[in-house]
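One structure below.
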Amino acid sequence: IAAQCRAASRRECRQRSLRAKCAWSSALESCERMPRVFFIGNSFTQGGTSLPSVLAQLAKSGKRKMRVARQTKNGALLYQHVQRGGVERARGFIKNPGDFVVLQEQSQVFSLPKSQWMSYSLDAVQSFQDMCASESAQCLLFLTWGYLNGDFYHSPAGQDSYDAMQDRLGSGYNGVAQMTGAIVCPAGEVWREVYHYLKEHGGEARQLYRSDNKHNSALGHYVVACAMYACIFDASPVGLGFRPGGVSPELAATIQQFAANVVLGN
């Protein structure tokens, strides 16, 4: 199956692998709907109501099952997770072809110049990707969001904006994906759509952030969860019933549509 899948699309590969793994079961559909997803990251993943928890609730509202686990630590970089045994912990959690390991790097790293993010991240991403390839799992890079006003301390020109930081993050995450063979989940690009939608429709992009203008609020978690749902299940989140308290049905539907457009049209 692995040999047959190398040249296939991501969706085809996962479907073939799952059918091979689940051929013994008459409940093939149920098996396909229950990936195991291991998250590696820091406070962007674990903060508040954790991203894995929000994603699981979103999936449940669509009658999809999944099992989630995480290794997270505030401020941690991916190479530090490797040093702390993250590769082997992830290997121990994933069980079936088509399971996922989701990697979230420290929030500024991939907005730095290429030479810097390569020194911080390339070997760590490759370690996780190599493990995932050996287990027929997917290594998913969690493209994060820019800060509300950018990160002028680390910007090349000494001044910054949300969009400029988001552009650099996208370039960095896509760059390391090309180098390693990992796959990018463009959650930050869904965030960008919502960011500008809020600004253009009488709201404030600040709603996506906590008080530090960096970490994600409950609304921000929801944006990312909708993107992750589309990435992991290859399915649109449009119409899913779960939404956090304080998020209107109209805004939830808009976010779901942005996630479908960006992820499934990418």
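For the numbers below, each heavy atom of this structure counts, side chains included, while hydrogens, waters and symmetry mates do not.
- Atom CZ of Arg206 sits in a sparse spot, with 12 or fewer heavy atoms from other residues, nucleotides or ligands closer than 6.0 Å.
- We find that Asp167 and Arg192 are joined by a salt bridge, their nearest charged nitrogen and carboxylate oxygen being less than 4.0 Å apart.
- No continuous path of ILVMFWY side-chain contacts below 4.5 Å connects Leu55 to Val238, so the two sit in separate hydrophobic clusters.
- Listed here is the closest heavy atom pair of Cys185 and Ala227: SG-O, 3.7 Å.
- Looking at Arg210, its side chain never comes within 3.5 Å of a backbone N or O of His215 through a donor-acceptor pair.
- Considering only heavy atoms from C-beta on, Leu208 stays 4.5 Å or farther from Asn216 through its side chain.
- In this structure, Ile94 CD1 and Arg67 CZ are separated by 14.0 Å, a value rounded to the nearest 0.5 Å.
- Proximity of Phe233 to Met66: side-chain heavy atoms (C-beta onward) are separated by under 4.5 Å at one or more points.
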Please walk me through it: do Arg84 and Lys73 pass side chain to side chain contact (heavy atoms under 4.5 Å, CB included)?
CA-CA 11 Å; Arg84 294 171 178 141; Lys73 183 176 176 62; 3.3 Å; yes

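- Counted by atom type alone, Asp130 and Gln126 present one or more donor-acceptor pairs between their side chains at under 3.5 Å.
- Between Leu78 atom CG and Leu103 atom CG the span is 5.5 Å, to the nearest 0.5 Å.
- No donor-acceptor pair under 3.5 Å is formed between the side chain of Lys214 and the backbone N or O of Ser211.
- Nearest heavy-atom pair, Ala259 versus Ala230, reported as atom, atom and distance to 0.1 Å: O-CB, 4.4 Å.
- With rounding to the nearest 0.5 angstrom, the OG atom of Ser61 is 4.5 Å from the CG atom of Leu240.
- Cys231 has its side chain within reach of Pro186: a pair of non-hydrogen atoms, C-beta onward, lies under 4.5 Å apart.
- Looking only at distances, a side-chain donor or acceptor of Gln256 sits under 3.5 Å from a matching main-chain atom of Gly239.
- Taking all atoms of both residues into account, the shortest heavy-atom contact from Pro35 to Ile232 is CG-CG2, 3.9 Å.
- Closest non-hydrogen pair, Leu251 versus Leu219, comes out as CD2-CD1, 4.0 Å.
- Between Val190 and Glu193 there is no side-chain heavy-atom pair separated by less than 4.5 Å.
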Walk me through whether Thr180 and Gln129 qualify under side-chain hydrogen bond (donor to acceptor under 3.5 Å, both in side chains).
CA-CA 7 Å; Thr180 60; Gln129 166 61 16; 5.7 Å; no

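- At a cut-off of 3.5 Å, with distance as the only test, no side-chain donor of Gln178 or Tyr173 sits close to an acceptor on the other residue.
- One side chain, Asp163 or His196, offers a donor N or O that lies under 3.5 Å from an acceptor on the other.
- Between the OG1 atom of Thr45 and the CD1 atom of Ile40 there is a distance of 9.5 Å, given to the nearest 0.5 Å.
- For the pair Phe110 and Ser121, the minimum side-chain heavy-atom distance is below 4.5 Å.
- Taking 4.0 Å as the cut-off between side-chain N and carboxylate O, Lys199 and Glu204 do not count as a salt-bridged pair.
- Val184 and Met179 end up in the same hydrophobic cluster when Ile, Leu, Val, Met, Phe, Trp and Tyr side chains are linked at under 4.5 Å.
- With contacts defined as side-chain heavy-atom distances shorter than 4.5 Å, the pair Arg89/His81 does not qualify.
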Under the side-chain hydrogen bond (donor to acceptor under 3.5 Å, both in side chains) rule, what do Asn42 and Gln106 come out as? Steps first, then yes or no, please.
CA-CA 7 Å; Asn42 56 36; Gln106 193 275 344; over 6 Å; no

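- Using a 4.5 Å heavy-atom cutoff, the side chains of Asn149 and Asp160 are not in contact.
- Side-chain contact check for Val101 versus Leu140: every heavy-atom pair is 4.5 Å or farther apart.
- Atom CG of residue Leu122 and atom NZ of residue Lys114 lie 9.5 Å apart, to the nearest 0.5 angstrom.
- Defined by atom type and a distance below 3.5 Å, a donor-acceptor pair is present between the side-chain atoms of Tyr162 and Gln166.
- The aromatic rings of His201 and Tyr197 sit parallel, their planes meeting at an angle under 30°, below the 60° perpendicular limit.
- Judged by distance alone, the side chain of Ser127 and the main-chain N or O of Asp123 form a donor-acceptor pair under 3.5 Å.
- In this structure, the side chain of Ser217 engages the main chain of Gln207 through a donor-acceptor pair within 3.5 Å.
- The shortest non-hydrogen separation linking Gly41 to Ala76 is O-CB, 4.5 Å.
- A single hydrophobic cluster is seen to contain both Phe258 and Leu264, as judged by linkage of ILVMFWY side chains at heavy-atom distances under 4.5 Å, directly or through other members.
- Taking CZ of Phe100 as the start and CE of Met228 as the end, the distance is 10.0 Å to the nearest 0.5 Å.
- Under 3.5 Å, the side chains of Gln46 and Asn74 contain a donor-acceptor pair of N or O atoms.
- Ring geometry for Tyr195 versus Tyr209: interplanar angle over 60°, hence perpendicular rather than tilted (30 to 60°).
- Cys132 has its SG atom at least 2.5 Å from the SG atom of Cys139.
- When every heavy atom of His221 is checked against every heavy atom of Ser50, the shortest pair comes out as CE1-C, 4.0 Å.
- Looking at Phe44, Tyr147, Trp145 one by one, the single match for ring-ring contact (aromatic ring centres under 6.0 Å, His included) with Trp191 turns out to be Trp145.
- A cation-pi arrangement is found for Arg36 relative to Phe93, the charged atom lying closer than 6.0 Å to the ring centre and inside a 45° cone about the ring normal.
- Side-chain atoms of Asn261 and Gln257 include a donor-acceptor pair closer than 3.5 Å.
- Electrostatic pairing of Arg91 and Asp99 does not count as a salt bridge here, judged by no charged N lying under 4.0 Å from a carboxylate O.
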I would like to know whether Tyr222 and Arg243 meet side chain to side chain contact (heavy atoms under 4.5 Å, CB included); could you show each step before the answer?
CA-CA 7 Å; Tyr222 186 68; Arg243 56 187 172 86; 4.2 Å; yes

